[in-house]
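Below you'll find the structure, written out as C-alpha cells, and then a few comments.
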2 protein chains.
Amino acid sequence: MSEVARPTLSDALTERMLELIRTGGHRPGDRLPSTRELSQRFAVTTPTLREALRRLEATGAIELRHGSGIYVGAAIERLVLPNPNMREIHAAQLLELLDARILIEPPLAALAAEHAGSEELAALRQTLDEAARHLRGEDAELHDANMTFHRATARLAGNSVLHEVVDSLLTVHGPEQREILQIFDDRRRDHEEHLEILAAIEARDAARAEQRMRAHLADVKTVIEHRMQPPE
Amino acid sequence: MSEVARPTLSDALTERMLELIRTGGHRPGDRLPSTRELSQRFAVTTPTLREALRRLEATGAIELRHGSGIYVGAAIERLVLPNPNMREIHAAQLLELLDARILIEPPLAALAAEHAGSEELAALRQTLDEAARHLRGEDAELHDANMTFHRATARLAGNSVLHEVVDSLLTVHGPEQREILQIFDDRRRDHEEHLEILAAIEARDAARAEQRMRAHLADVKTVIEHRMQPPE
DNA sequence: CATATCAAGTGATCTAATCACTTAACGGGC
DNA sequence: GCCCGTTAAGTGATTAGATCACTTGATATG
C-alpha cells in the first residue's frame, strides 16, 4: 500500500549523471561529453538520457546548448536539497535541514495561531487524532502521519510560498532517506509535542505556539545529534 | 552576443502544458490526460512530450505515476506563469514571496556575520563592487547583479539547505517574470542598502546585519505595495 | 464478505535515422 | 596583412511506432 515507488531508469540516470559531474571534479561552465557518448557510457538510449538531462537542466545543474554541447550549471555546487528526482542525503545534511526548519517553522506556527480559520483547525485536529490511532502501525505510515502535522501547520500560516518551502523540506526522497529518518524517530513523544503545539494554536496563543514548535524541533535535533555520535 | 536562444520545441511545450493546467482550472492532485492523448493534442512525439513532462516534474508542477497517470503537483500554485492575464496574481504572489524572504533572510545575515570567512567576505565585497559598475548597464544584468548579493549572503550563513531555499526563492522563472520584477526595482537604493548590510557583516555585527537586512526587504516590499495600488 | 485474479489503461523504454544549430577553420576580397 | 563570408564537422533536437512494466478497478473465487 505505502510501497515506495521503484526508481525508474531515468531516475537512476539522473543520479549517476550528478555523480559523474561531482566525482569528475567538474566546475560550472565545464563542458560534458556529448549526448551520443553519454548514452553509450550509461548504456541507455537517447530519449531516456534526454529525460535525465532535462531534469538536470530544470534544476540548474546543467545547461543544454543546441549545437554546442552540455555544460555544468551554476546550481551544481548547491544542489543538496529537495529535488524530487535525486536521492541523496547525509546525516550531516539532516542537521542542516533541521536548522532550517527551526528557523522557519516556529514563526509559521505563530502565524497559524493568528490566521487559521476554525474549519482548518478542526481538520488539523482530526488529522492528529488519526495519527494517534496509527501509533502502532507500520513505521512508514507513522512517519508520514507525523510529518503531515508539520505540513498542515505550515499551510495554516496562509503563505503559499512558505508552505511550499516547508513542504519541500519535509518531503522524503526515496527509501534510502526514509530509512535514515526513521532511525531517529521517536513517534510517541513527537505526537505529544504536536498536541501541545496544536493546543496553543487553537487557543490563538501565537507566542506559545511559536515557542512550543521551536522546543519540539530542538528536541528532535538533540535526539539526532546524540544518536549520530554516541558519547565516547 | 546576448542573443536569446530560440526556444526549442520542448521549451514551448513546457509552457503550453503549464497553460493547459492553469486555464483548465486544475488543482493539485487532479489527473491530467494520458501521455498518448497529450502527444496528440500538442502534435509532438512521445520523447519530446516526455522531455517537457520531466522538466515540469523536476519543478514540482506535475507528478508522474507509472501505470497510474499524470497528476498536478503541489508547486503548481506558486509557479509563475507566462500569461499576461495573470499579472495581478503574480504581483500578489510577489508579496508572499517577499514575506517569505523577510522571515528567512535576516537571520541568515546574522549567521553570515558570525560564520563567514574573510576570504568569502572579500569575494562578496568584490561582487558588490562589480555590481556598482553595472549600475547603468542593461536592466536584466543589473537585476541579476543585485540578486547575487542575496544569494551570496545566504551562502555565507553556512547552511546549504537554507542557501538552496533562498536560491530557489530568488530564481527568476522566465522572461515574463523578469519583466514584472523589474517594474518594482529601484536599483540604486537597493545597492546602497546592500552596502550597509555587507558593512555590518564585515564588522561581525550580527544584530545589525539582521536588522539591516530586515529593513532592506521591508523597503522593497513597501515599494511594491505602493506601486501595485497607487493611492486612490 | 474478503481475497485472489485478471484485463484495460497508463507511463517507461527502445530503436535508429534525420533535422537544426553552433563553432572554428578556411579562403577570398579589401 | 586583415576582415568577413563560407563551409564542414560536431552537437543537440525531433521523429515514428512498437513493446515492456506498472497500477487499478472490475470480476471471479473462496
Side-chain angles (χ1 to χ4, degrees), chain A residues 1-17 20-21 24 26 29-73 84-87 140-141 174-175, chain B residues 1-17 20-21 24 26 29-73:
Chain A
M1 187 59 87
S2 67
E3 277 295 339
V4 178
R6 217 181 74 204
T8 183
L9 219 192
S10 74
D11 285 343
L13 235 196
T14 308
E15 292 180 18
R16 293 177 67 191
M17 280 288 304
L20 164 73
I21 299 173
H26 290 100
D30 286 0
R31 188 172 147 182
L32 298 173
S34 71
T35 57
R36 288 162 180 81
E37 183 171 342
L38 287 174
S39 64
Q40 279 200 13
R41 183 184 310 193
F42 292 120
V44 296
T45 57
T46 300
T48 305
L49 173 72
R50 301 203 112 256
E51 289 187 25
L53 292 179
R54 285 302 190 199
R55 289 207 272 214
L56 291 169
E57 180 200 31
T59 61
I62 65 173
E63 201 176 319
L64 298 167
R65 298 185 201 156
H66 190 171
S68 176
I70 306 169
Y71 299 83
V72 176
N85 314 304
M86 319 174 186
R87 289 181 251 114
E141 293 177 9
Chain B
M1 188 56 86
S2 69
E3 277 293 341
V4 178
R6 228 205 36 226
T8 182
L9 219 192
S10 74
D11 285 343
L13 236 195
T14 307
E15 291 184 14
R16 293 178 66 190
M17 280 286 307
L20 164 73
I21 298 173
H26 291 101
D30 286 0
R31 185 173 149 180
L32 299 173
S34 69
T35 57
R36 287 162 181 81
E37 184 171 341
L38 287 174
S39 63
Q40 278 199 12
R41 182 184 311 190
F42 292 119
V44 295
T45 56
T46 300
T48 305
L49 173 72
R50 300 205 112 254
E51 289 186 27
L53 293 178
R54 286 301 190 197
R55 287 206 272 216
L56 291 170
E57 181 200 31
T59 61
I62 65 172
E63 201 176 321
L64 298 167
R65 297 185 202 157
H66 190 170
S68 175
I70 307 170
Y71 299 82
V72 176

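Protein chains get the first letters and strands the later ones, always in sequence-line order, with residue 1 at the start of each.
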### Rounded distance (Å) that lies between atom P of dC14(C) and atom CD of Gln40(A)
14 Å
I'd like a table of atom pairs between the protein and nucleotides 5-9 of chain C - only N or O on both sides, under 3.5 Å - with the distance next to each one.
{"from": "dG9(C)", "atom 1": "N2", "to": "Gly67(B)", "atom 2": "O", "distance (Å)": "2.9"}

### Query
Residues two or more places apart in sequence or in another chain: which of them pass side chain to side chain contact (heavy atoms under 4.5 Å, CB included) with His66(B)?
none
### Task
Quick one: do Ile70(A) and Arg31(A) satisfy side chain to side chain contact (heavy atoms under 4.5 Å, CB included)? Show the steps, please.
CA-CA 6 Å; Ile70(A) 306 169; Arg31(A) 188 172 147 182; 5.9 Å; no
May I have the list of side-chain donor-acceptor pairs in residues 36-44 of chain B shorter than 3.5 Å, sequence neighbours left out?
{"from": "Glu37(B)", "atom 1": "OE2", "to": "Arg41(B)", "atom 2": "NH2", "distance (Å)": "3.2"}
{"from": "Ser39(B)", "atom 1": "OG", "to": "Thr35(B)", "atom 2": "O", "distance (Å)": "3.2"}
{"from": "Ser39(B)", "atom 1": "OG", "to": "Arg36(B)", "atom 2": "O", "distance (Å)": "2.9"}

#### Entry: Validation row: Ile62(A), Val72(A) side chains within 4.5 angstrom (heavy atoms)
no
### Query
What residues form a salt bridge (charged side-chain N to carboxylate O under 4.0 Å, His left out) with Asp11(B), not counting sequence neighbours?
Arg55(B)
### Query
Atom CG of Leu64(A) to atom C1' of dT22(C): distance rounded to whole Å?
14 Å
### Query
Would you say Leu53(A) and Glu51(B) make side-chain contact, with heavy atoms under 4.5 Å?
no
### Message
In this structure, how many angstroms lie between the P atom of dT23(D) and the OH atom of Tyr71(B), rounded?
### Response
11 Å
### Task
Report yes if the side chains of Asp30(A) and Ile21(A) come closer than 4.5 Å at any heavy-atom pair, otherwise no.
no
### side chain to side chain donor-acceptor pair (under 3.5 Å) involving Ser68(B) - partner list, sequence neighbours excluded
Tyr71(B)
### Query
What pairs with Glu63(A) under salt bridge (charged side-chain N to carboxylate O under 4.0 Å, His left out), at least two apart in sequence or on another chain?
Arg65(A)
### Query
Which parts of nucleotides 14-19 of chain D does protein reach within less than 4.0 Å, heavy atoms only, written one letter per nucleotide 5' to 3' as B for base, S for sugar-phosphate only and - for none?
BBB---
Using atom names, set out every protein N or O paired with an N or O of nucleotides 4-9 of chain D below 3.5 Å, distance rounded to 0.1 Å.
none

### Message
Tell me the closest heavy-atom pair linking Thr8(B) and Arg54(A), and the distance in Å.
### Response
CG2-NH2, 4.0 Å
### Whole-Å gap separating P (dT10(C)) and CD (Glu37(B))
8 Å
### Query
From Arg16(B) CZ over to Ser10(B) OG, what is the distance, rounded to the nearest 0.5 angstrom?
12.5 Å
### Task
For Ile70(B) and for Arg65(A), locate the closest nucleotide of DNA chain C by heavy-atom distance; then report the residue assigned to the nucleotide nearer the 5' terminus.
Ile70(B)
